[in-house]
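Just so it is clear, the structure is predicted and the values come from calculations on it, not from any experiment.
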Amino acid sequence: FYHHSFDRIQQENPFATGLLLNYNTRKFIAKWSHDYLGKGFNAEAGFVPRENFFHFNPTFGFNFFPKSKILNRYSFGLNYDQYDTKGLGVTDRKAGPFVLLAFQNTTRLLTTFSQNFTYLFNDFDALRSNNTMPKLKAGNSYTYYTIDANFVTDQRKTIALNFNPLFGQYYDGRIFSMSGNLNYRFQPYGLIAMNYSFNDIKLSTGKNKVYVIGPNIDFTMSKKLFWTNYVQYNSQFKNLNINSRLQWRFAPVSDFFLVY
């Protein structure tokens with residue numbers, strides 16, 4: 001893609017561009033993507049959280065299909081993800097090998113070992129303390145190593161799990177993190193899910209434990225009436241959030257919503 005913005009006052013590099021290439025065969029995986037956002041690009045009709053960077057993300061890997069009643073496929077390869085900013089050089093990088101196990105029952109396990117590099121443009125509350133504990137200072141850069149996994153069970157089952165653990169170094173300290181959800185589906189009436197996220201962080205500036213937890217409940221009362229509910233508690237901000245939505249489909253492509 002190529003996007004160009006026009007302003008009354010001429011800006012430096014007022015454009016954004018990107019490219020995505022995929023090449024997949026039975027035995028080989030290859031992907032290349034990059035995007036460049038100029039310093040003067042003005043996204044009037046959208047949101048751009050960052051400007052003046054070049055980002056590229058190549059991935060290469062191999063697939064193997066063993067003769068097994070349990071394992072359908074296993075893959076391994078390398079992933080590289082980097083951001084560069086003019087005048088600063090590399091500001092963000094995540095790179096390392098990955099291993100994917102795909103089972104016959106559609107369960108999947110992806111494990112990644114990563115080298116991470118982060119440059120701080122601003123002071124950063126890495127302890128997730130809601131600005132009550134010391135921050136890491138702007139202008140510093142950190143290199144740290146982590147191991148993370150994504151485990152997804154058979155989503156066709158009545159009970160399904162999505163589990164994402166991560167542990168290792170974190171800036172100038174260490175972290176243990178886990179997130180995901182546990183789903184229970186009772187057809188044809190609805191779905192109950194428990195969503196969770198937990199972080200145990202230890203840095204030179206202190207240590208902290210934060211978590212977010214809450215259920216998601218979907219009810220299908222009829223072909224025209226649906227009720228969706230979200231409840232979430234966030235320990236970082238010590239608040240409870242509730243969102244409840246009643247949907248009535250009184251005609252095709254015509255809905256009435258009542259939201260709390």
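With 3.5 Å as the limit, one finds a donor-acceptor pair spanning the side chains of N181 and N183. For H55 and D84, the side-chain atoms include no donor-acceptor pair closer than 3.5 Å. A donor-acceptor pair shorter than 3.5 Å can be found between the side chains of N162 and N150. Side-chain atoms of T91 and R50 form a donor-acceptor pair, as typed in the model, at a separation below 3.5 Å. Side-chain N/O atoms of D92 and T118 include no donor and acceptor closer than 3.5 Å. A side-chain donor-acceptor contact under 3.5 Å links N42 and D7. The closest side-chain donor-acceptor pair between Y80 and Q82 falls under 3.5 angstrom. When only modelled atom types and interatomic distance are considered, D35 and N57 share no side-chain donor-acceptor pair under 3.5 Å. With 3.5 Å as the limit, one finds no donor-acceptor pair spanning the side chains of R108 and T106. Looking only at atom types and distance, the side chain of Y145 has a donor-acceptor partner in the side chain of Q115 under 3.5 Å away. Side-chain atoms of S114 and N116 form no donor-acceptor pair, as typed in the model, at a separation below 3.5 Å. Using modelled atom types, one finds no donor on one side chain facing an acceptor on the other under 3.5 Å when comparing K238 with N234. For Y171 and S204, the side-chain atoms include no donor-acceptor pair closer than 3.5 Å. Side-chain polar atoms of N13 and Q11 form no donor-acceptor pair below 3.5 angstrom.
In terms of heavy-atom proximity, L37 sits nearest to A16 at CD1-CB, 3.3 Å. In terms of heavy-atom proximity, F53 sits nearest to Y36 at O-CD1, 3.2 Å. Among all heavy-atom pairs drawn from R245 and V259, the shortest one is CG-CG2, 3.7 Å. The two residues P66 and F64 come nearest to each other via the heavy atoms CD-O, 3.4 Å. The two residues R185 and R156 come nearest to each other via the heavy atoms NH2-O, 2.7 Å. Taking all atoms of both residues into account, the shortest heavy-atom contact from Q169 to T143 is OE1-O, 4.5 Å.
With a 4.5 Å cut-off on side-chain heavy atoms, F219 and T228 do not count as touching. Counting only heavy atoms from C-beta outward, the side chains of L182 and I159 approach each other to under 4.5 Å. The shortest side-chain heavy-atom distance between L71 and L101 falls under the 4.5 Å cut-off. No side-chain heavy atom of F76 sits less than 4.5 Å from a side-chain heavy atom of L78. Contact check for L166 versus I147: no side-chain heavy atoms found under the 4.5 Å cut-off. Using a 4.5 Å heavy-atom cutoff, the side chains of F176 and Y170 are not in contact. A heavy-atom distance below 4.5 Å is found between the side chains of I192 and F186. Side chains of L100 and L109 form no contact here, defined as non-hydrogen atoms less than 4.5 Å apart.
Cluster annotation: F56 is not connected to Y83 through the hydrophobic network of ILVMFWY side chains, with a link wherever side-chain heavy atoms come within less than 4.5 Å. Cluster annotation: V212 is not connected to I242 through the hydrophobic network of ILVMFWY side chains, with a link wherever side-chain heavy atoms come within less than 4.5 Å. The same ILVMFWY cluster, assembled from side-chain heavy atoms under 4.5 Å apart, contains both V99 and F103. Linking Ile, Leu, Val, Met, Phe, Trp and Tyr residues whenever their side-chain heavy atoms come within less than 4.5 Å leaves L191 and M194 in two separate clusters. There is a path of hydrophobic side-chain contacts, each under 4.5 Å, that joins Y211 to F167.
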(request) Using the side chain to side chain donor-acceptor pair (under 3.5 Å) rule, take T107 and N105 through it: C-alpha gap first, then chi angles, then the decisive distance, then the call. (result) CA-CA 6 Å; T107 295; N105 66 353; 3.1 Å; yes
(request) Evaluate side-chain contact (heavy atoms from CB on, under 4.5 Å) for F256 paired with F250, printing each intermediate quantity in order. (result) CA-CA 7 Å; F256 174 80; F250 57 89; 4.2 Å; yes
(request) Just do the side chain to side chain donor-acceptor pair (under 3.5 Å) check on N229 and S244 with the steps written out, would you? (result) CA-CA 4 Å; N229 300 274; S244 184; 2.6 Å; yes
(message) As a quick check of understanding, evaluate side-chain contact (heavy atoms from CB on, under 4.5 Å) for L258 and W248, giving each step before the final call.
(response) CA-CA 9 Å; L258 184 62; W248 173 36; over 6 Å; no
(message) Between L127 and V210, does the side-chain contact (heavy atoms from CB on, under 4.5 Å) criterion hold? Intermediate values first, please.
(response) CA-CA 9 Å; L127 288 168; V210 292; over 6 Å; no
(request) Please test F113 against T111 for side-chain contact (heavy atoms from CB on, under 4.5 Å), starting from the C-alpha separation and ending with a verdict. (result) CA-CA 7 Å; F113 175 78; T111 305; over 6 Å; no
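Distance alone, capped at 3.5 Å, is enough to place a donor-acceptor pair between the T153 side chain and the L161 backbone. With S254 contributing its side chain and P252 its backbone, the two residues share a donor-acceptor pair below 3.5 Å. Under the 3.5 Å distance criterion, the side-chain polar atoms of T85 are left unmatched by any main-chain donor or acceptor of L88. Checking side-chain atoms of N79 against main-chain N and O of A95 turns up no donor-acceptor pair under 3.5 Å.
The aromatic ring centres of Y119 and F117 sit 6.0 Å or more apart. Ring centers of F62 and F28: under 6.0 Å apart, within the cut-off. Centroid-to-centroid, the aromatic rings of H3 and F1 come within less than 6.0 Å. Ring pair F15/F41: centre-to-centre distance not below 6.0 Å.
To the nearest 0.5 Å, atom NZ of residue K202 and atom CG of residue D172 are 14.0 Å apart. Summarising the geometry, atom CD1 belonging to I213 is positioned 10.5 Å from atom CD belonging to Q232; distances are rounded to the nearest 0.5 Å. One finds the CD1 atom of I175 at 11.0 Å from the CG atom of N208 (value rounded to the nearest 0.5 Å). The CZ atom of R73 sits 5.0 Å away from atom CG of N63, with the distance rounded to the nearest 0.5 Å. Rounded to the nearest 0.5 angstrom, Q247 CD and K224 NZ are separated by 13.0 Å. Interatomic distance, K137 NZ to L120 CG, rounded to the nearest 0.5 Å: 11.0 Å.
Evaluated for a side-chain hydrogen bond (donor to acceptor under 3.5 Å, both in side chains) with S177, the options N199, T146, D148, N164 yield exactly one hit, N199.
With respect to D255 and R249, a salt bridge is recorded, a charged nitrogen being found less than 4.0 Å from a carboxylate O.
For the pair R26 and F65, the cation sits on the ring face: its NZ or CZ lies under 6.0 Å from the ring centre, inside 45° of the axis.
W32 CH2: more than 12 foreign heavy atoms inside a 6.0 Å radius. Other residues, nucleotides and ligands place no more than 12 heavy atoms under 6.0 Å from the OH atom of Y23. The environment of I70 atom CD1 is sparse: at most 12 non-hydrogen atoms of other residues, nucleotides or ligands sit within 6.0 angstrom. Atom OH of Y260 has 12 or fewer heavy atoms from other residues, nucleotides or ligands within 6.0 Å.
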